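In what follows, a single structure is set out as structure tokens and then discussed.
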Amino acid sequence: MTHFTERVKDAVKKIPAGRVATYAQVAACAGNHRAARQVAWVLHSSSRKHGLPWQRVINSRGRISLKPGQGYERQKALLKNEGIVFGEDGSIDLERYLWKPNVGE
DNA sequence: AACCTGACTTCGG
DNA sequence: TCCGAAGCCAGGT
């Protein structure tokens, strides 16, 4: 595991409940904003172990990347449980819920 | 080392 | 808004 992967996990853990972060944002925190895909891989690989609030990581469009039946509903339920409100099209208002690193921490 | 893969992102059409 | 193509990164085989 590279240092980057560890940083990704650490960054994800920092995301506070009720907030969300994009893959690119997490990647940036880990050192490479271009490694968004790798972030997805890490989550997919580590989510099994609990410990990671993977549900708080969404794509740049403010929507869940998982497909229905592939975890979409599960993630949506977890986020709603944290107080996040979804649009009728299943989108999340990033202006309101996006995690702001350095702010409030 | 080479090739494949993925919960991505951006740009065009 | 949807679809396809291209770029990008690191781990797994």
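In this text, all values refer to a predicted model and were calculated from it rather than measured experimentally. Side chains are part of it too, since the values below use all heavy atoms of this structure and drop only hydrogens, waters and symmetry mates. Proteins come first, then strands; the chains are lettered A, B, ... in the order of their sequence lines, and each starts at number 1.
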Please name all residues satisfying side chain to side chain contact (heavy atoms under 4.5 Å, CB included) with [X], sequence neighbours left out, ordered by chain then number.
X	value
A:Thr2	A:Phe4, A:Thr5
A:Ala28	A:His33
A:Arg37	none
A:Ser46	A:Lys9, A:Val42, A:Leu52

Would you indicate what A:Ser45 reaches in the nucleic acid, counting non-hydrogen atoms under 4.0 angstrom: base, sugar-phosphate, or nothing?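 Contact class for A:Ser45: none.
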Side chain to side chain donor-acceptor pair (under 3.5 Å) against A:Ser91, all qualifying residues, sequence neighbours excluded: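 Here the qualifying residues are A:Asp89.
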Qualifying residues under side chain to side chain donor-acceptor pair (under 3.5 Å), relative to A:Asn32, sequence neighbours excluded: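 With neighbours one apart ignored, the set is empty.
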Output the rounded distance in Å from NZ (A:Lys9) to P (C:dA10).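 Checked: the NZ to P distance equals 15 Å.
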What is the distance, rounded to the nearest whole Å, between atom CD of A:Glu6 and atom P of C:dA10?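 It works out to 14 Å between those atoms.
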Restricting both atoms to N or O, compile the protein contacts to nucleotides 1-5 of chain C shorter than 3.5 Å, with distance only.
residue : atom : partner : partner atom : Å
C:dT1   : OP2  : A:Arg63 : NH2          : 3.3

Sequence neighbours excluded, every pair satisfying side chain to side chain donor-acceptor pair (under 3.5 Å) that has a member inside residues 15-30 of chain A: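 For residues 15-30 of chain A, and leaving out neighbouring residues, there are no side chain to side chain donor-acceptor pair (under 3.5 Å) pairs at all.
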Taking only residues two or more places apart in sequence or in another chain, which ones pass salt bridge (Lys or Arg N to Asp or Glu O under 4.0 Å) with A:Asp93?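 So A:Asp93 forms no salt bridge (Lys or Arg N to Asp or Glu O under 4.0 Å) with any residue.
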Can you list, pair by pair, the side-chain donor-acceptor contacts under 3.5 Å of residues 75-88 of chain A, counting residues two or more places apart and other chains?
residue : atom : partner : partner atom : Å
A:Gln75 : NE2  : A:Gln55 : O            : 2.8
A:Gln75 : NE2  : A:Val57 : O            : 3.1
A:Glu82 : OE1  : A:Gly18 : N            : 3.3
A:Glu82 : OE1  : A:Arg56 : NE           : 3.0
A:Glu82 : OE2  : A:Gln55 : NE2          : 3.3
A:Glu82 : OE2  : A:Arg56 : NE           : 3.0
A:Glu82 : OE2  : A:Arg56 : NH2          : 2.8

Hey, could you give me the OH/CD1 distance between A:Tyr72 and A:Ile64, rounded to the nearest 0.5 Å?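 So the gap between those two atoms works out to 5.0 Å.
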Within residues 17-39 of chain A, which residues have any heavy atom lying less than 4.0 Å from an atom of DNA chain C?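 Per residue number, the list reads A:Asn32, A:Arg34, A:Ala35, A:Arg37, A:Gln38.
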Can you give me the first and the last nucleotide of DNA chain B (5' to 3') that has an atom within less than 4.0 angstrom of a non-hydrogen atom in chain A?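 First and last nucleotides in contact are B:dG6 to B:dT10.
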